[in-house]
Amino acid sequence: MDEFRLETERLILRAWRDADVEPFAAMGRDPDVMRFLGPAATLAETQAAVGRMVERQRTSGHCFWAIERKADAAFLGFCGLVPGKPPIDGAIEIGWRLARHAWGQGYASEAAAASLAWGWAHLPVGHIVAITVPANMRSRALMERLGMTHVEDGDFDHPDLAATDPLRRHVLYRIHRPTNV
């Protein structure tokens, strides 16, 4: 199978490589990156996450792909599409996470727009969803720039998080397939 590769003006979204583990692990240890995601990730947890992405790519043809900057091949984070887990199972979820040094440069918007376009072109779905915690205003703003809308009655308590976890509550955003696709 050919390695997945999706190019934008400044970025390459691609299959994961062994060399991505260390910079991804560094992201997982950055408290600013993990602020709305949970505790710092161990190296073993990072390796397992990369393994899950490789397996998702193999079995479904898509995952949260690694993002590489074209100019210097720097690993910036991930963005892509995965099958949603309960309570959004049956939906395709778009997600992203960037290293702090890549924030504020439009990379997340560029990668997310390309991921959505790929999804509309390759997946027979009527909508794509995104989730985050209510306080993650940067991700919520990106969701809205992408044309996603907050599903007012779709907010939920994340089933993998304890009732006392301050990150348990999640908001749901959705975008419907454009009529011209």
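Because the structure is predicted, anything quoted here is derived from the model rather than measured. We're numbering straight along the sequence, starting at 1.
Under 4.0 Å is where a charged nitrogen must lie from a carboxylate oxygen, and between E3 and R17 at least one such pair does. One finds a salt bridge joining R58 and E55 here, because a Lys/Arg side-chain nitrogen approaches an Asp/Glu carboxylate oxygen to under 4.0 Å.
Counting heavy atoms from C-beta outward, I94 and V129 have side chains that stay 4.5 Å or more apart. A heavy-atom distance below 4.5 Å is found between the side chains of R5 and I12. Side-chain contact between L11 and E68: absent, with no pair of heavy atoms (C-beta onward) separated by less than 4.5 Å.
If you check the side chains of H158 and D165, you find no donor sitting under 3.5 Å from an acceptor.
The environment of D18 atom CG is sparse: at most 12 non-hydrogen atoms of other residues, nucleotides or ligands sit within 6.0 angstrom. More than 12 heavy atoms of other residues, nucleotides or ligands sit less than 6.0 Å from atom NZ of K70. Applying the 6.0 Å contact sphere to CZ of R35 captures no more than 12 heavy atoms from other residues, nucleotides or ligands.
In plain terms, the two heavy atoms of C63 and R56 that are nearest each other are CB-CB, 4.0 Å. Residues A66 and D20 come closest through the heavy atom pair CB-OD2, 3.8 Å.
With F78 as the partner, the ring pair (Phe, Tyr, Trp, His ring centres under 6.0 Å) test is satisfied by one option alone out of F64, W65, Y107, W96: F64.
Taking the six-membered ring for Trp and thresholds of 30 and 60 degrees, H122 and W118 have nearly parallel ring planes, at less than 30 degrees apart.
For an aromatic pair to be called close, the ring centres must be under 6.0 Å apart, and F75 with W16 satisfies this.
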**Message:** For I175 and H127: C-alpha separation, side-chain torsions, deciding distance, then whether side chain to side chain contact (heavy atoms under 4.5 Å, CB included) applies.
**Reply:** CA-CA 5 Å; I175 186 169; H127 66 272; over 6 Å; no
Intermediate values then yes/no, salt bridge (charged side-chain N to carboxylate O under 4.0 Å, His left out), E22 and R29 = CA-CA 11 Å; E22 181 46 46; R29 291 187 302 266; 3.0 Å; yes
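The salt bridge (charged side-chain N to carboxylate O under 4.0 Å, His left out) test applied to D32 returns R100, not counting sequence neighbours. For M34, the side chain to side chain contact (heavy atoms under 4.5 Å, CB included) partners at least two apart in sequence or on another chain are L37, R97.
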